[in-house]
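Sequence lines set the chain letters: A, B, ... in the order given, protein chains first and strands last, and positions in each chain run from 1. Predicted model, so just to flag it, every value in this text is computed and none were measured.
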Amino acid sequence: MAFVNLKKKEVQVKVVYYGPGRGGKTTNLEFLFNRFKGRIKTEMVAIKTHGDRTLFFDFLPFDIGKIKGYDIRVQLYTVPGQVKYNATRRLVLRGADGIVFVADSMKVRREKNLISLKNLQENLATYNKNIFKIPMVMQYNKRDLSEHGIPLLSPEILKNDLNTQLKVPSFEASALVGTNVVPTMKKIITMTLASLQRELK
Amino acid sequence: MSNQEDDTVTIEVEEQLENVFGESEEPGDLSEESTEFSDSPLRDLKAIALSIDWEIDDEIMTRLNDEVETLKEKYRGDNVIVLFLRLLGSVGKYIKANKASSHPDAIKLLNTVFINLEKVAMSKGMSETDREKRLLGEVKRFKTLKEDIAISKTVGAKEKETGVPEEAEPMIIEEPQQAGAAMQEELKPSEVEEEEIGRVPGEITSEISDIAQMQPHEAFAYALDEIRQVIKAEFKALRAEIKLWREGQ
């Protein structure tokens with residue numbers, strides 16, 4: 001649940017970028033930070049291994065101004081995608097108000113996407129959260145790799161695999177060059193805040 | 001909450017987000033950094049490097065090799081980048097030859113070499129010292145990997161001979177800054193090229209085959225010597241770092 005300070009009229013929401021390792025979660029945040037660091041005036045925190053993999057999480061906080069008289073602060077997190085870091089993933093997921101599931105479009109990662117989505121469902125369940133109820137956006141990342149002859153899953157296959165039941169908004173994206181990174185982020189923030197408004201009523 | 005109220009919030013949020021993140025949806029409207037990267041000669045290499053994670057096949061490794069060769073031509077005249085590319089090519093050849101049985105750190109090394117290459121190539125203001133420091137750090141990792149491979153092969157040969165399993169391969173913990181500082185004192189980039197990278201292609205596999213031909217006791221002695229040298233190098237790096245730290249006080 002988001003942190004709401006009624007006295008100070010502040011709301012803090014937490015959005016977690018989830019998905020398989022090497023899928024582009026950190027790249028999403030890096031793009032946002034590099035593109036807008038002049039406007040958001042905050043720092044991105046990243047804790048990485050020597051191999052540049054996310055060890056604990058990446059963290060990008062920013063303010064978006066006032067909504068209904070409340071100052072809104074958004075915190076974007078990524079989780080480490082590697083299977084072995086599930087305890088960390090679960091910890092980062094705690095208190096999440098919205099999820100962006102960053103799926104890897106590469107054919108060879110098809111199974112990893114499914115495992116990761118299942119893992120998300122299980123980890124949310126440990127906090128009594130339902131994957132079908134939490135605000136969520138699906139991002140099919142790495143679409144640009146087709147230009148380099150790398151076999152990709154079609155959007156239809158990705159949808160069938162991951163979004164047939166969830167039916168959440170989805171974007172085909174390339175975090176590396178920035179395609180649909182911002183719309184993904186805008187969508188999840190809008191959905192999360194609308195959901196929060198409903199909860200608070 | 002009614003749908004109307006819901007819509008109001010949504011509109012307000014969208015307006016606020018547009019204020020902060022406006023004019024950014026178009027793929028062509030990217031940041032200076034991203035535009036620079038999308039035009040970068042390293043873009044294809046990055047796509048290849050990203051795809052070599054869980055799946056390694058001949059096709060992708062051949063593409064890596066081809067791309068490295070193309071980039072060597074493109075960056076001819078920039079010694080540091082060419083050396084990075086040679087490191088990348090050498091590690092790529094080793095992975096191609098060994099595929100799934102490659103040492104696990106080989107993939108990590110491939111990634112870190114690429115990441116540092118990218119930083120060196122994309123950061124226009126980076127000083128020559130920083131560029132060399134990054135290169136030396138990777139050379140150090142490369143050396144460590146070579147030693148690890150030699151040790152694990154030796155242990156494997158001994159196990160085969162005696163039928164007694166050895167303990168798991170020892171982890172060598174490396175402080176990159178220490179290693180970088182020590183290497184910087186010991187070697188200049190030109191020396192690195194001659195002494196380290198210049199003799200790299202095919203070297204790892206040839207050393208492995210040499211060890212495989214040793215008698216078990218020779219291989220064991222060789223492994224002990226390798227471990228001794230690694231420890232010695234680590235202490236040397238530590239001493240150099242302490243020296244630098246004292247000088248800075």
Side-chain angles (χ1 to χ4, degrees), chain A residues 20-22 24 27 30-40 48-53 62-68 72 74 104 106-109 112 142 144-145 147-151 174 176-183 185-187 189-201, chain B residues 1-2 5-35 37-39 43-48 50-57 59-60 63 67 104-105 107-112 114-116 118 137 141 174 176:
Chain A
R22 288 263 177 226
T27 312
E30 282 175 344
F31 177 84
L32 291 169
F33 176 66
N34 288 329
R35 178 73 179 89
F36 299 106
K37 60 186 167 193
R39 297 189 206 172
I40 59 179
K48 294 181 176 185
T49 65
H50 280 180
D52 220 33
R53 307 289 297 269
F62 53 84
D63 296 318
I64 60 167
K66 282 193 194 299
I67 310 281
K68 300 272 178 205
I72 310 292
V74 177
D104 193 324
M106 288 166 68
K107 264 189 180 167
V108 292
R109 306 286 165 82
K112 302 281 178 193
K142 300 191 187 176
D144 59 308
L145 286 183
E147 294 166 21
H148 307 288
I150 294 170
S174 167
L176 195 62
V177 295
T179 311
N180 275 336
V181 169
V182 177
M185 180 268 296
K186 282 182 171 179
K187 190 72 187 172
I189 292 174
T190 308
M191 287 172 69
T192 304
L193 286 170
S195 165
L196 182 63
Q197 173 81 350
R198 280 194 297 273
E199 279 184 50
L200 291 174
K201 280 283 169 184
Chain B
M1 189 170 123
S2 68
E5 282 174 315
D6 219 2
D7 287 346
T8 316
V9 171
T10 302
I11 290 164
E12 263 195 70
V13 174
E14 282 172 352
E15 279 174 4
Q16 283 300 114
L17 288 170
E18 187 59 31
N19 289 339
V20 183
F21 300 105
E23 298 175 356
S24 56
E25 284 100 323
E26 294 304 315
D29 182 20
L30 301 173
S31 67
E32 197 178 326
E33 294 89 336
S34 299
T35 306
F37 187 77
S38 63
D39 296 336
R43 196 170 182 270
D44 287 353
L45 186 63
K46 181 157 192 168
I48 294 168
L50 285 172
S51 64
I52 304 168
D53 187 12
W54 290 309
E55 206 67 18
I56 303 164
D57 58 33
E59 188 195 338
I60 197 77
R63 284 182 56 198
E67 191 60 28
D105 287 350
I107 307 283
K108 287 182 195 165
L109 180 64
L110 193 86
N111 285 324
T112 61
F114 176 76
I115 287 158
N116 277 303
E118 188 184 23
R141 287 194 186 95
E174 183 185 332

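With chain B as partner, the option from A:Asp144, A:Val74, A:Ile67, A:Val181 having the largest number of non-hydrogen pairs under 4.5 angstrom is A:Ile67. Ranked by non-hydrogen atom pairs under 4.5 Å with chain B, the options A:Met191, A:Glu147, A:Lys142, A:Met185 are led by A:Met185.
When side chains are defined from C-beta on, B:Val20 does not count as touching A:Phe36, because their heavy atoms never get closer than 4.5 Å.
Remark: B:Glu15 engages B:Ile11 in a side-chain contact (heavy atoms from CB on, under 4.5 Å) (not counting sequence neighbours).
Across all non-hydrogen atoms, the minimal contact from B:Leu109 to B:Arg141 is CD1-CB, 3.5 Å.
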- [ ] Please test B:Glu18 against A:Lys186 for side-chain contact (heavy atoms from CB on, under 4.5 Å), starting from the C-alpha separation and ending with a verdict.
- [x] CA-CA 9 Å; B:Glu18 187 59 31; A:Lys186 282 182 171 179; 2.8 Å; yes
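Proximity to chain B is absent for every atom of A:Lys187, based on heavy atoms less than 4.5 angstrom apart. Only the side chain of A:Ile40 has a heavy atom closer than 4.5 Å to any heavy atom of chain B.
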